[in-house]
Amino acid sequence: MLNIQDLCVNYEKNQVIKGISMEVKEGEIVTLIGANGAGKTTLLRTISGIKSSSSGSIEFMGNPIHKMPSHKIVDLGIGHIPEGRRVFPEMTVKENLEMGAYRRKDSKEMKKELDHIFELFPRLKERISQRAGTLSGGEQQMLAIGRAIMLRPKVYLFDEPSLGIAPLVIAEIAQMIKRLNEEEGATILLVEQNANLALKLSHRAYILETGKISLEGPSEELANDDRVQKIYLGYE
Amino acid sequence: MLEVKNVCRNFKGLQALSDVSFTVEEGTIFGVIGPNGAGKSTLFNCITNYFPPSSGNVYFEGKEITGIKPHKITELGITRTFQHTQVFPQLTVYDNVVTGQYVIKQKDPGRTKTQFDEDVERILKLVGLDSYRETIASNLSMGDQTRLAIGIALATEAKLLLLDEPAAGMNPEETKQLMNLLRNVREQGVTIVLIEHDMKAVMGICERIVVLEYGQKIAEGTPEEIRQNPQVIKAYLGSGDIA
Amino acid sequence: MTKNLNAKKLSLIALCAIILLVIPILLGDYHVHVINQIGIFIILVTSLNLILGYTGQLSFAHIGLFAIGAYTSSILMMTYNVPFLLSLLLSMVASAFFGLLVGLIALRFTTHFFAIVTLAFGEIIRLIIYNMPDLTGGPNGIYNIPFPPNVFGLDFSQRSHFYYIILIGAVATVLFVKYMIGTRTGKAMIAVRENETFAQFIGINTWKVKMISFTLSAALAGFAGSIYAHYNSYISPYSFTMMESVTLLLMVIIGGVGTIFGPILGAAFLITLPELLRDVNEWRLVIFGALLVLTIMFMPKGLLGLFKSIQEKVKSSKKPVSNIDSGLGEEERKSVGS
Amino acid sequence: MSEQIIQALINGLVSGSIYALMAVGFTLVFGIMHVINLAHGELYMLGGFSTFFMVSIYQINFFVALIATLIIIGVFGFFIEKIIFKPLRNASLLNTLLASIGLSLFISNLVLKLAGSDMRNIEFPFSGQSISILGTSVSVHRIVVLLLTAFLVCLLGWVIKYTKVGKALRATAQDTDAAALMGVNINLIYGIIFAISAGLAAVAGGLIGSLYVVDPSMGMMPGMKAFIIVILGGMGSVVGALLGALIFGYAETFTTLFLESSYQELVGFIILILVLLFKPSGLFGGVNTK
């Protein structure tokens, strides 16, 4: 579904992604884990067209998207839940959700979608006219996920959904990601620092180390592989 | 040499640093690590007073330095580098190092021009850039720019260097060279505090390491102790509880 | 090799010196007049370049400081009969003093706030001049400002003689700025331009460095102002408007900001252009406006930068192997301030 | 209350409302695009000329001409963004500021060359009529200007608050990347912001041209003043810009009342320096900023 070939991305002179090839198949949860500064967020931003790549290709359902502007990529059905939630702080919860459906034309369907999201996250319904900036971190994460669901994307890109969130809420959000995949058949690319959590959630995993993929395989296998811990803790 | 005592820092109600304390001994290489957003750069900013700590104190050689202006802190002997923009891009390598000597006029007004020139030569040799002296800094590779930044810091004759992610964007070979350089710098009697993401590098070079998570110190010890520490492992790999 | 180069350089300098010295003998009054104007503006833009190009602070106050020099010198000489050299000196002091005052307030701010505060001061100075007719002649300005008589035994009522004062002034200013940026304080100025935060953390008192740069730059603007007033013998608030301030900036930017030769080139180019194209003269400001936009968009390093990159291209096409990438993009963005 | 003071109160309100039209657009462009557009005053001047030509030469109804001006100069603003400011997206703030000054110099002098420096007045339908408020006679003209500007500001508020474009605009202001991830075409939004800003300034120019005169140099000071007002109100804050405009309008009107009118121009700069010295974030800084 999503196919990345030999992708390189630079920030000024700094090559952050140094030739990555990976694939996400339909219906899968694929996770990309790795320590700080490995280039995970950059990869997701490049897929969504916020950051431009310097070489290599990204294909989504057969369309090359690495030269497309981000709003066209959204139209194709890629929903990105960015690192740090990035809700619109001065807008209400409802307005935030409406922004999620910005590219959709069918207003009736949108209403249904809204009800669906409030079913998934009853807490958002209670806060419907509250400014998003006043929500707690966990609630903002739910809002960010809800905002992405509004688009009904074919692929969700989750960027560090557990970052800066209370442990209890992390579990809730993890459940939500699982449900999206199992009940609604969503394809998910999950970027996480929390390797143990990500490996439990996903089917397959790639481990990124300073811009390169150093390990890949089924998540269950990697969960018991002590090489993962060694990469994280800097053993030679 | 450097003592950080109960330092806290808030941003709009968010606690970026809470009650962090540690001591750096003279002549050591000291690491500060932690996951993203743990407050490492904030810690450097508080030490060098880019912004002051909300509470707590910082002492250098027994003297309190909390709240002193950045350029005065350099005069006392602490110099820091930054994560990304670390040199003066349009100046030559040579002039970059000379710029670092500006503070010496305050420290030691009697120094002669020959002494200044000799110092530049010595530093250029030490950081391995003596054959690039006329190169414009922005034309250097990332790795060379970082070495130049360390050269500038050395030119201020700092007793304590605070380096913020010097190995960012380097390939493994460059990182290795950088670590060798840091060892040489330490041989010159300079104490180093290092923020670094590259765990291999940190573990290989530091005598002691402090680990921050969510603005709190969760561990301190030798690299081996840190690797064994369950809290550190949890901070890095996560708990993985799906309720 | 270096010896050869030095000899070449020396002979080049000598050649230039000879040409510059004989210009008034060879050329007619009109051409000397244009060259004199260029000379005065070289002093002015070179001084602006110190604060804009080398210290990275976009100042619009320069035209006001230039005006203070012009008015101080004229008033001292006409009302108080102060001799030329002394009034020249005092006008530098006056401009430096006002520069210090403006700097004290404006340099508390960075980037666009600094720019707008200096713009305000530039306008305030002009409006005060406008509103103090007893001292400054108000909107009418000051007429018949005398030529300096008999300095060092020379009579300056002749343009060809005045030429030498301007020549000495321009050469002295350029050499002074060149010397200044070679000093440690000058390097600190460039450090402020390149990366102010980092400069602070290697022990540079950035505020002090900026104050020094601004004050020196103001003093030189006063110097230019004094010469301007005596040479043109007429000044009024209309010579010191914001439009003129923008023209000065354009001279520095189009020539090549932060280089010694760039502003000289810029001043010569922008003064000669309307003179060469007489029909175009009345479109002067339209063209300058377009030039400013185009320069910022397409050659932020100015004409000098353009020549250099062409030169490099020619060189690199001769030698295809070059493993150092130019890094132009990064520099270009930092060409003014940042 | 003396008649003079009531008159000044109304005049201050009128000039404050004109400044508000200018400042709101200026602050939108700064707040969302981080561009300081010092050519803003020239768009105001162009608006004055556009209205003048339509009303006085082609005999078009004043209000129709104003609407046409809003659209024409708005479209012009859109293209200015595309041609000049889009290529400078990654340039420093000071470089875009310089480019906008160049643009200002270019437009104002071009109009000066083409139209000459004559001062022209735009005929206004109700000129000469007046009504009595609190025993003071107030011209209908001023009241119409006030109502029109109030209407436009409210309209803008409504667009920003309730329409899809308005929401996209706010989203872009609050978090550009996140807005792009929602599928907002950022380049288009930037163009629209410039268009709105230019259109409002143009209407302000048309209104002023009917109250006073239209001439090529009329944009210089108001453009500058819009910047000062925005600093006064807090950079990027729309509410701040509105309040700042009113304060500024009154400050100027009362200076003219109590001091010589030649000092009026100084007032703005002195306010600017005082505000920056004592409250650099602006009087209402952080009210509605990003």
Side-chain angles (χ1 to χ4, degrees), chain C residues 52 56-58 60 102 105-106 108-117 119-128 130-131 133 138-139 241-243 245-247 249-250 253-254 257 282-298 300 329 332-338, chain D residues 30 34-36 38-39 42 80 83-88 90-114 216-217 220-221 223-224 227-228 230-231 235 259-260 262-277 280-281:
Chain C
L52 171 70
Q57 311 295 314
L58 177 56
F60 289 94
V102 172
I105 295 173
R108 296 163 53 120
F109 308 108
T110 52
T111 61
H112 57 289
F113 282 133
F114 174 78
I116 185 74
V117 171
L119 196 152
F121 273 112
E123 285 291 286
I124 287 174
I125 290 170
R126 189 177 62 84
L127 290 168
I128 287 176
Y130 193 92
N131 284 312
T241 59
M242 219 194 76
M243 300 252 182
S245 186
V246 176
T247 308
L249 287 172
L250 179 59
I253 292 165
I254 203 171
V257 79
E282 47 187 40
W283 294 86
R284 190 179 81 111
L285 289 173
V286 182
I287 294 171
F288 284 4
L291 276 178
L292 183 53
V293 177
L294 294 175
T295 310
I296 298 284
M297 286 178 74
F298 300 110
E332 271 164 11
R333 243 173 291 131
K334 295 203 165 147
S335 65
V336 177
S338 87
Chain D
F30 178 81
H34 304 284
V35 165
I36 291 173
L38 287 184
E42 308 320 326
I80 284 193
I83 294 166
I84 295 175
F85 292 100
K86 191 175 168 221
L88 291 172
N90 287 323
S92 70
L93 192 63
L94 291 183
N95 270 347
T96 49
L97 188 145
L98 279 170
S100 78
I101 289 182
L103 184 67
S104 158
L105 202 63
F106 176 76
I107 295 177
S108 61
N109 286 289
L110 188 66
V111 173
L112 178 69
K113 280 314 298 170
L114 298 177
S217 66
M220 183 107 162
M221 288 313 282
M224 206 63 69
F227 191 8
I228 294 173
V230 166
I231 289 176
M235 298 290 281
L259 291 169
E260 267 181 79
S262 58
Y263 286 100
Q264 196 197 333
E265 307 280 86
L266 272 175
V267 176
F269 296 120
I270 288 164
I271 289 180
L272 167 80
I273 288 165
L274 290 179
V275 168
L276 279 179
L277 276 181
S281 59

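Labels below follow one simple rule: chain letters A, B, ... track the order of the sequence lines, proteins then strands, and each chain is numbered from 1. Heavy-atom basis, side chains included; hydrogens, waters and symmetry copies ignored.
When heavy atoms are compared at a cutoff of 4.5 Å, Leu93(D) approaches chain C solely by way of its side chain, counted from C-beta outward. In this structure, the portion of Leu88(D) lying under 4.5 Å from any heavy atom of chain C is its side chain and not its backbone. When heavy atoms are compared at a cutoff of 4.5 Å, Leu266(D) approaches chain C by way of both its backbone and its side chain. Ser108(D) touches chain C through its side chain: at least one heavy atom from C-beta onward sits under 4.5 Å away, while N, CA, C and O do not. Looking at Phe30(D), only its side chain comes within 4.5 Å of chain C, counting heavy atoms on both sides. For a residue to count as touching a neighbouring chain, one of its non-hydrogen atoms must lie under 4.5 Å from one of that chain's; by this rule Leu97(D) touches chain C with the side chain only. For Ile107(D), no part lies near chain C; criterion is any non-hydrogen pair under 4.5 Å. Interface remark: Leu110(D) contributes backbone and side-chain atoms alike to the contact with chain C (heavy atom separation under 4.5 Å). Within the 4.5 angstrom heavy-atom criterion, no atom of Ile271(D) approaches chain C. For Leu276(D), the parts sitting under 4.5 Å from any heavy atom of chain C are the backbone and the side chain alike.
Chosen from Leu127(C), Thr295(C), Leu294(C), the residue pairing most often with chain D at heavy-atom distances under 4.5 Å is Leu127(C). In terms of non-hydrogen atom pairs under 4.5 Å with chain D, the most contact-rich of Val286(C), Leu292(C), Thr247(C) is Val286(C). The candidate from Val117(C), Ile105(C), Asn131(C) with the greatest count of non-hydrogen atom pairs under 4.5 Å with chain D is Asn131(C).
When the shell of 6.0 Å around NZ of Lys86(D) is examined, it contains 12 or fewer heavy atoms from other residues, nucleotides or ligands.
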